[in-house]
Amino acid sequence: MSKTALSRGDYWFSLLTEKATLCPNLCASVKAADGEIEGKLARFIAVVPDANNAYPRARQGEVGLLEGWTLAKVVREVIEQDKTKHDKRVIVAIIDVASQAYGRREEAFAIHQALAGAASAYADARLAGHPVIGLIVGKAMSGAFLAHGYQANRLIAFDDAKVMIHAMGKEAAARITLRSVDALEKLAATIPPMAYDIENYNKLGLLYKLLKIGNVEQPDTNEVELVKATIGNAIKEVLNDGVYLQNRLHAQDRHASLLVRERMRAEW
Amino acid sequence: MQNNGSFIELSARKRALNLLDAGTFRELLGPFEKITSPWLEKQGIVPEFDDGMVIAKGAIDGKPSVVVAIEGVFQGGSMGEVSGAKMAAALELAAEDCRQGKLTQAVVLLETGGVRLQEANLGLAAIADIHAAIADLRRYVPVVGISAGTVGCFGGMSIAAGLCSYLIATREARLGLNGPQVIEQEAGIEEYNSRNRPFIWSMTGGEVRYQTGFVDELVSDSIEQVKQAMKSCLNKGVPATFRSEQYDYYLHKLTSVDTQNQVDGESAKKLFVRGDNQ
């Protein structure tokens with residue numbers, strides 16, 4: 001990782017946007033750039049730490065009020081600008097989000113609505129025919145992930161110890177479920193949806209690809225090319241497959257999600 | 001059917017029954033079908049045969065409708081794999097109906113703490129599916145959210161509330177992303193005291209959410225009033241602009257405020273004036 005990178009997310013944003021044009025006038029914690037990937041026009045988007053964020057609970061890469069609404073802005077601009085185009089721009093969300101912002105200012109000023117702004121923008125982009133690809137390079141936690149990535153047509157994650165997808169940090173999850181962190185970790189070892197590691201997450205069928213990179217923070221040229229090619233293949237699949245998310249429903253460990261849909265359809 | 005009674009005191013099933021036209025209620029995947037959570041028993045938790053989620057089809061003012069009601073009493077209205085899939089599937093099928101020309105409007109009763117932590121990542125995935133389904137369906141018909149009380153609407157499901165075409169709340173409701181206990185855990189008691197109930201309602205209660213324009217209708221705890229507000233929202237049709245699309249307005253507000261000082265219950269009322277965002 002270069003010394004100037006603010007985070008893994010920032011680093012991978014820089015690797016994928018070398019020849020791209022940065023979008024101006026955004027809050028410092030959201031970066032967006034227009035460029036190309038595998039011959040397709042694309043907008044790349046990342047949430048990055050901003051030590052000077054006006055909202056102090058969102059200084060370490062959390063998704064807060066400004067981040068949620070700014071994500072909404074950079075995604076909705078793409079939808080609007082490409083409205084009459086046949087070839088819709090690809091949207092690549094580079095995901096490394098420690099959490100949503102936890103704070104009093106956030107609740108008072110309706111962070112839930114800011115995150116709804118982001119989530120609906122990504123969903124609307126997908127529904128409008130923009131292939132939306134999520135590349136998980138670090139943490140993808142809870143509300144932050146719902147706002148930045150979970151609406152993607154395809155999710156790609158790095159097979160790496162620091163890649164983590166979860167509904168809540170361990171300490172808070174333990175407190176809310178009245179367990180010790182120790183007991184929580186023991187349960188997580190046998191109940192795949194509770195696990196914090198990426199291998200168990202992969203069993204839930206929500207990923208398009210789990211990619212092994214030697215060193216996520218120092219990839220070689222071939223590895224960066226592999227990531228680009230994988231995004232390219234995901235885009236092709238999306239263009240064939242349509243705008244909805246049924247592709248996520250076929251894993252054994254998420255069997256009930258499919259069963260409920262089949263039974264509901266039969267009774268509908 | 002009682003009409004002037006309390007709405008909050010009703011179970012999810014009774015709430016759904018009361019909102020649909022008399023004689024039209026039909027439950028899908030009801031408790032007798034016993035589709036339970038595959039994950040709770042492994043953790044020593046007794047499951048419910050409906051997994052705390054009621055899906056009812058019927059009519060409202062004669063129009064095809066689906067009411068999705070979360071049972072707040074079971075596991076805090078938390079979203080597990082099955083309960084989440086039931087809600088997502090119902091909204092997905094309503095959208096399919098709309099695409100085939102049969103408009104099916106939706107009402108979602110949001111009594112929920114968000115993800116069921118015992119099913120963590122599957123609850124989160126289900127909520128992402130619910131967001132996807134609301135975003136899809138609201139293009140065709142109104143999706144009306146109701147947060148009545150007493151559980152409130154939190155976590156990923158507060159984002160779902162933020163996606164609804166219209167939102168109804170009572171004074172007893174609370175609507176916020178992070179539950180008070182979680183904020184206290186993550187940010188400290190100085191930031192958020194989870195035991196200070198008046199403070200919590202002043203931040204996230206139904207009344208302040210209404211006054212600041214994050215809720216469309218504020219109602220008292222009465223079946224009749226909730227029903228009237230619901231019908232009034234449904235009759236407005238698809239809104240010209242969704243609250244969740246108004247990034248310019250909200251970014252302007254959020255960058256104009258001095259964030260150096262901590263905020264209080266009055267801060268949001270000073271910043272966001274009801275009707276300002278239209």
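In the text below, chain A, chain B and the rest are named by the order of the sequence lines, each starting its count at 1. Quick caveat, the model's predicted, so the values are computed rather than measured. All values below were derived from every heavy atom in this structure, side-chain atoms included, with hydrogens, water molecules and symmetry-related copies excluded.
Between chain B and the residues A/Ser142, A/Ala123, A/Ala119, the largest count of heavy-atom pairs under 4.5 Å involves A/Ser142. Heavy-atom pairs under 4.5 Å with chain B peak, among A/Leu127, A/Ile111, A/Leu184, at A/Leu127. For chain A, the option among B/Gln262, B/Arg139, B/Glu184, B/Lys253 with the highest count of heavy-atom pairs below 4.5 Å is B/Gln262. Interface check for chain A: of the options B/Ile183, B/Val115, B/Leu254, B/Thr212, the most heavy-atom pairs under 4.5 Å are formed by B/Leu254. When each of B/Leu28, B/Leu163, B/Ile159, B/Leu93 is checked for heavy-atom pairs under 4.5 Å with chain A, B/Leu93 comes out on top. Heavy-atom pairs under 4.5 Å with chain A were tallied for B/Met203, B/Arg243, B/Glu81; the largest tally goes to B/Glu81. Annotation: maximal heavy-atom pairing with chain A below 4.5 Å, among B/Leu177, B/Thr255, B/Val208, occurs at B/Leu177. Of all the listed residues (B/Lys57, B/Lys42, B/Glu92, B/Arg26), the one sharing the greatest number of non-hydrogen pairs under 4.5 Å with chain A is B/Lys57.
Shown here are the side-chain hydrogen bond (donor to acceptor under 3.5 Å, both in side chains) partners of A/Arg265, two or more places apart in sequence or in another chain: B/Glu96.
Contact annotation for residues 251-258 of chain A against chain B (heavy-atom separation below 4.5 Å, listed by residue number): A/Asp253, A/Arg254, A/His255, A/Ala256, A/Ser257.
With hydrogens and angles disregarded, a donor-acceptor distance shorter than 3.5 Å links the side chain of A/Arg104 to the backbone of B/Glu190.
Here the side chains of B/Phe242 and A/Ser120 are not in contact, with every heavy-atom distance at 4.5 Å or above. In this structure, B/Leu29 and A/Glu267 have side chains that are in contact, with non-hydrogen atoms separated by less than 4.5 Å. In this structure, A/Arg105 and B/Glu191 have side chains that are in contact, with non-hydrogen atoms separated by less than 4.5 Å. At least one side-chain heavy atom of B/Tyr247 sits less than 4.5 Å from a side-chain heavy atom of A/Arg76. Contact of the A/Tyr102 side chain with the B/Tyr192 side chain is not registered, since no non-hydrogen atoms from C-beta on lie closer than 4.5 Å.
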Exercise. Please test A/Asp124 against B/Arg138 for salt bridge (Lys or Arg N to Asp or Glu O under 4.0 Å), starting from the C-alpha separation and ending with a verdict.
Key: CA-CA 11 Å; A/Asp124 286 348; B/Arg138 72 179 189 177; 3.7 Å; yes
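Closest heavy-atom contact between A/Met264 and B/Ile55: CE-CG1, 3.8 Å.
Interatomic distance, CE of B/Met157 versus NE2 of A/His112, reported as 12.5 Å (0.5 Å rounding).
Ring pair A/Trp69/B/Tyr250 is parallel by interplanar angle, where below 30° counts as parallel and above 60° as perpendicular.
Taking 4.0 Å as the cut-off between side-chain N and carboxylate O, A/Arg261 and B/Asp129 count as a salt-bridged pair.
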